[in-house]
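The block underneath contains the structure these notes are about, expressed in structure tokens.
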Amino acid sequence: MNVEEAILTRRSVRRFLPKPVPEPVVRKIIEVSARAPSGHNIQPWKVYAIAGEVKDRFCADILKAAETEPDKHRPEYEYYPTEWHEPYIGRRRELGYDLYAKLGIARDDVAARTSQMNRNYLFFDAPAGLFVTMDRRLNTGSYIDMGMFLQNILLAARGHGLHTCGQAAFTWYHDIIRKQLSFDDTEILICGVALGYEDTTAPENKLVTKRVPVDTYAKFFGFSGSSTGAASARTTAGS
């Protein structure tokens, strides 16, 4: 598929088939993803790919911690804001409502919601999982580099007919993952990624999240035929 098709068909898949993903395919996805840009070409990423019994062991340990001692674990960086504002809180709630509606989970069914949340720690049954880290001694710009690298992984996977789900949920259990993979102390866990073949029968995979129209977040200046003129650009710049 072409790049635009890969972008438009990429979704966060939350149930996968047990069909294995061959190591050469996973290796190729990671290899081509490293063509992502990074400031001064420092290439800050590291990837740990797991499958089979190794993945099962990871999932069992993390799921046990999530179910029995969740309050003991915290991520090393804050993904979400401590105080939410519109339009972001509205978008977040809409996603939650839509997902649980697909699954038939009521808003007040805390146990079912928690169980669904904990499926993160099974990689949503994906046959392969990735843990992505970077050197904690780097700065904010490297997080931008990591985002571009991760997006390459998601799109490269689509090129191989695979689907993915980026999972910041794993960062809460970085201490368990660090111990089992022997991360260097300088590494910080950025996220996990579920990788595999979509279960097209799963109701949660029918969810396609909405995107706001381009004119709500982008302005265009100086283009031929553009409705936004140079005068508007000067006004915006001076405001």
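We use all heavy atoms of the structure for the numbers below, so side chains are in, but hydrogens, waters and symmetry mates are not.
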Is there a side chain to side chain donor-acceptor pair (under 3.5 Å) between R35 and S33 once you walk through the steps? CA-CA 5 Å; R35 293 305 307 175; S33 296; over 6 Å; no
Any side-chain donor-acceptor pair under 3.5 Å between E187 and Y48? yes
Partner of F131 under side-chain contact (heavy atoms from CB on, under 4.5 Å), chosen from L181, T171, V47: L181
F223 vs F220 aromatic rings, parallel, tilted or perpendicular, using cut-offs 30° and 60°? perpendicular
At their closest point, which heavy atom of A168 faces which heavy atom of Y79, and how far apart are they? CB-CD1, 3.7 Å
Run R15 and E204 through salt bridge (Lys or Arg N to Asp or Glu O under 4.0 Å) and show every step you take. CA-CA 7 Å; R15 194 183 299 181; E204 58 267 49; 3.0 Å; yes
CD-CZ distance between Q116 and F124, expressed to the nearest 0.5 angstrom: 6.0 Å
Which atom pair, heavy atoms only, marks the closest approach of R74 to H174? O-NE2, 3.0 Å
Non-hydrogen atoms of A66 and N118 that approach each other most closely: CB-OD1, 3.9 Å
Please work out which of the three classes, parallel, tilted or perpendicular, describes the rings of F123 and F170, given edges at 30° and 60°. tilted
Side-chain H-bond candidate by donor/acceptor type, R158 with T9, under 3.5 Å: yes
What's the separation between atom SG in C165 and atom CZ in R11, rounded to the nearest 0.5 Å? 11.0 Å
Determine, using ring centers only, whether F16 and Y197 are less than 6.0 Å apart. no
